[in-house]
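One structure is given here, and the rest of the page talks about it.
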Amino acid sequence: QKLREDGVIKRQVAICDPVKLNLGVTAFVTLKTGQHNEAWMQRFIQATRDIPEIVEIYRMSGDIDYLLKIYVPDIAGYDQVYKKLVRSIELQDVSSSFAMEVLKSTTALPLDYVPLKGA
């Protein structure tokens with residue numbers, strides 16, 4: 001209860017097996033954009049928010065601008081998501097990799113770094 005009150009626990013969820021939901025293909029997609037302005041970013045956020053197969057989006061440092069995690073039933077399903085994405089927003093480069101096997105998947109965070117009150 002204290003973790004909820006302190007805002008450490010943001011929400012509780014059920015973890016579903018994607019394979020049992022016919023979402024057996026996990027794609028990691030890197031994006032590069034030629035535009036780095038607020039208007040483009042707002043269009044990007046809106047476009048990706050409307051694609052439910054995109055479950056995670058990260059703005060990155062380095063050679064790529066964004067990293068997306070996508071769950072789909074198959075490659076044809078990925079192609080549909082890809083087409084929605086490129087119709088919705090201007091991109092310079094899109095590169096996709098498909099997970100062959102899950103070696104580790106957890107939502108548990110390491111708790112060794114929690115600051116102690118009064119320390």
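Keep in mind that what you see is a predicted model, and the values were worked out from it rather than measured.
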Original post:
So, for Lys84 and Ile51, which heavy atoms are closest and what is the spacing to 0.1 Å?
Top reply: CB-CD1, 3.9 Å
**OP:** Is it possible for you to say whether Tyr66 and Ile45 belong to one hydrophobic cluster, with membership spreading through side-chain heavy-atom contacts below 4.5 Å?
**Re:** yes
**OP:** Tell me, yes or no, whether the heavy-atom count around Asp50 atom CG, taken from other residues, nucleotides or ligands under 6.0 Å, exceeds 12.
**Re:** yes
Subject >> Hydrophobic cluster membership, Trp40 vs Met60, 4.5 Å side-chain cutoff >> reply: no
Original post:
Is it true that the side chains of Tyr78 and Gln80 contain a donor and an acceptor less than 3.5 Å apart?
Top reply: no
Original post:
Between Ile57 and Phe44, is any pair of side-chain heavy atoms under 4.5 Å apart?
Top reply: yes
Original post:
Is there side-chain contact between Asn37 and Met41, with heavy atoms separated by less than 4.5 Å?
Top reply: no
Original post:
How far does CD1 of Ile15 sit from OG of Ser105, to the nearest 0.5 angstrom?
Top reply: 7.5 Å
Original post:
Are Val55 and Val29 grouped together when hydrophobic residues (ILVMFWY) are joined by side-chain heavy atoms under 4.5 angstrom apart?
Top reply: no
**OP:** Drop me the distance from Thr33's OG1 to Ile64's CD1, to the nearest 0.5 angstrom.
**Re:** 13.0 Å
**OP:** Pick out which of Val81, Thr30, Val94, Leu85 makes a side chain to side chain contact (heavy atoms under 4.5 Å, CB included) with Leu68.
**Re:** Leu85
Original post:
Rounded to the nearest 0.5 Å, how far apart are CD of Glu53 and OH of Tyr71?
Top reply: 13.0 Å
**OP:** Evaluate the criterion side-chain contact (heavy atoms from CB on, under 4.5 Å) for residue pair Arg43 and Gln35; output intermediate values, then yes/no.
**Re:** CA-CA 11 Å; Arg43 287 192 314 273; Gln35 302 181 46; 3.7 Å; yes
Original post:
Under 4.5 Å between any side-chain heavy atoms of Phe28 and Ser96, yes or no?
Top reply: no
Original post:
Does any non-hydrogen side-chain atom of Leu23 lie less than 4.5 Å from one of Pro73?
Top reply: yes
Original post:
Passes side chain to side chain donor-acceptor pair (under 3.5 Å), Gln46 versus Gln42? Steps please.
Top reply: CA-CA 6 Å; Gln46 186 58 51; Gln42 290 306 315; over 6 Å; no
Original post:
Atom CG in Leu31, atom CD1 in Ile89: separation rounded to 0.5 Å?
Top reply: 10.0 Å
Original post:
Do the non-hydrogen side-chain atoms of Arg4 and Gln12 ever get within less than 4.5 Å of each other?
Top reply: yes
Original post:
Is there side-chain contact between Leu3 and Glu5, with heavy atoms separated by less than 4.5 Å?
Top reply: no
Subject >> Flag, side chain of Asp17 to backbone of Val19, donor-acceptor distance under 3.5 Å >> reply: yes
Original post:
Considering only heavy atoms from C-beta outward, does the side chain of Thr26 approach that of Lys69 to under 4.5 Å?
Top reply: yes
Subject >> Pairwise side-chain contact, Phe98 with Ile75, heavy-atom cut-off 4.5 Å (strictly under) >> reply: yes
Original post:
When rounded to the nearest 0.5 angstrom, what is the spacing between CD1 in Ile70 and CD in Glu56?
Top reply: 11.0 Å
